[in-house]
Amino acid sequence: MDLRVYHYGARGVFEGTRPVYGPGSGLGWPMHYRYPPLFLLLFAPLAMLPLGWAAAIWVVGKVAVLVVLLRALERRLKPATTFGPQNVLAGFSRRYAVISFLLITPYLVEEFRYGNAQFFVVALTAARAACAPLP
């Protein structure tokens, strides 16, 4: 549903048929466009495509980001063979990673179902955490 709002909102703005904000900006109340204007520019390439193609690319992009992010986190949290202050995650267990993933699965299902952009915001935050140097 949210992807439709992004798509119709951006497409309408670039075609000049809809205002950026307000009840006429999206699909009607409560699904009107209410996101930052910068998002319109970032979403512009997908707005030029038919909704079905845009949705497919959106989902493939999310899956790709999720895979890259999980691999980065796995490398980051890999147990070390030595103990010491240089490796604060030496005791990490894959079991905790699986439990954590299971806990976020409902969020991921809803995220992929509705087409929200928040997944990319969360992924950027997690990527920053995965790439930050250890203390």
Side-chain angles (χ1 to χ4, degrees):
M1 183 55 86
D2 289 346
L3 180 67
R4 280 185 176 154
V5 174
Y6 307 150
H7 189 267
Y8 290 136
R11 189 171 209 147
V13 167
F14 293 120
E15 290 175 350
T17 59
R18 288 189 188 86
V20 176
Y21 294 109
S25 64
L27 303 173
W29 181 257
M31 301 307 293
H32 56 83
Y33 187 84
R34 56 184 151 221
Y35 307 96
L38 175 63
F39 187 71
L40 285 172
L41 295 175
L42 296 174
F43 198 81
L46 292 177
M48 290 188 278
L49 299 172
L51 180 60
W53 280 101
I57 292 170
W58 190 255
V59 169
V60 168
K62 283 185 173 187
V63 169
V65 167
L66 182 61
V67 168
V68 168
L69 184 60
L70 288 174
R71 286 184 178 169
L73 288 172
E74 180 184 27
R75 280 192 307 271
R76 172 69 177 212
L77 301 174
K78 196 174 215 175
T81 55
T82 61
F83 292 91
Q86 72 278 10
N87 190 356
V88 295
L89 299 173
F92 178 77
S93 169
R94 281 185 182 252
R95 175 178 38 189
Y96 297 121
V98 170
I99 290 170
S100 298
F101 187 76
L102 289 175
L103 289 173
I104 66 164
T105 298
Y107 162 76
L108 290 174
V109 168
E110 289 300 307
E111 179 66 33
F112 279 72
R113 181 175 168 214
Y114 289 113
N116 265 323
Q118 282 79 1
F119 172 80
F120 293 115
V121 174
V122 171
L124 285 171
T125 304
R128 174 61 180 108
C131 297
L134 290 172

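Throughout, numbering of the chain's residues begins at 1 and tracks the sequence.
Linking ILVMFWY side-chain heavy atoms closer than 4.5 Å, directly or via other members, places Tyr114 and Tyr6 in a single hydrophobic cluster. Each of Leu41 and Leu124 belongs to its own hydrophobic cluster when Ile, Leu, Val, Met, Phe, Trp and Tyr are linked at side-chain heavy-atom distances under 4.5 angstrom. Met48 and Leu42 fall into different hydrophobic clusters, where Ile, Leu, Val, Met, Phe, Trp and Tyr are joined by side-chain heavy atoms under 4.5 Å apart, directly or via other members. In terms of hydrophobic clustering, with Ile, Leu, Val, Met, Phe, Trp and Tyr side chains grouped at heavy-atom distances under 4.5 Å, Phe120 and Val68 are assigned to different clusters. By the criterion of side-chain heavy atoms lying less than 4.5 angstrom apart, applied directly or through intervening Ile, Leu, Val, Met, Phe, Trp or Tyr residues, Phe39 is grouped together with Phe14 in one hydrophobic cluster.
In this structure, the side chain of His7 does not engage the main chain of Gly52 through any donor-acceptor pair within 3.5 Å. Side chain of Arg11 to main chain of Leu46: no donor-acceptor pair is present (N/O by atom type, distance under 3.5 Å, no hydrogens or angles).
Distance check: Leu66 CG to Glu111 CD gives 10.5 Å after rounding to the nearest 0.5 Å.
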For Tyr107 and Val122, run side-chain contact (heavy atoms from CB on, under 4.5 Å): C-alpha distance rounded to whole Å, both residues' side-chain angles, the deciding distance at 0.1 Å, then the answer. CA-CA 11 Å; Tyr107 162 76; Val122 171; 3.7 Å; yes

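Residues forming a salt bridge (charged side-chain N to carboxylate O under 4.0 Å, His left out) with Arg113 (at least two apart in sequence, or on another chain): Glu110.
Heavy-atom minimum distance, Phe112 versus Val63: CE2-CG2, 3.6 Å.
Within the 4.5 Å cutoff, the side chain of Val65 has heavy atoms near those of the Phe119 side chain.
Ring pair Phe43/Trp58: centre-to-centre distance below 6.0 Å.
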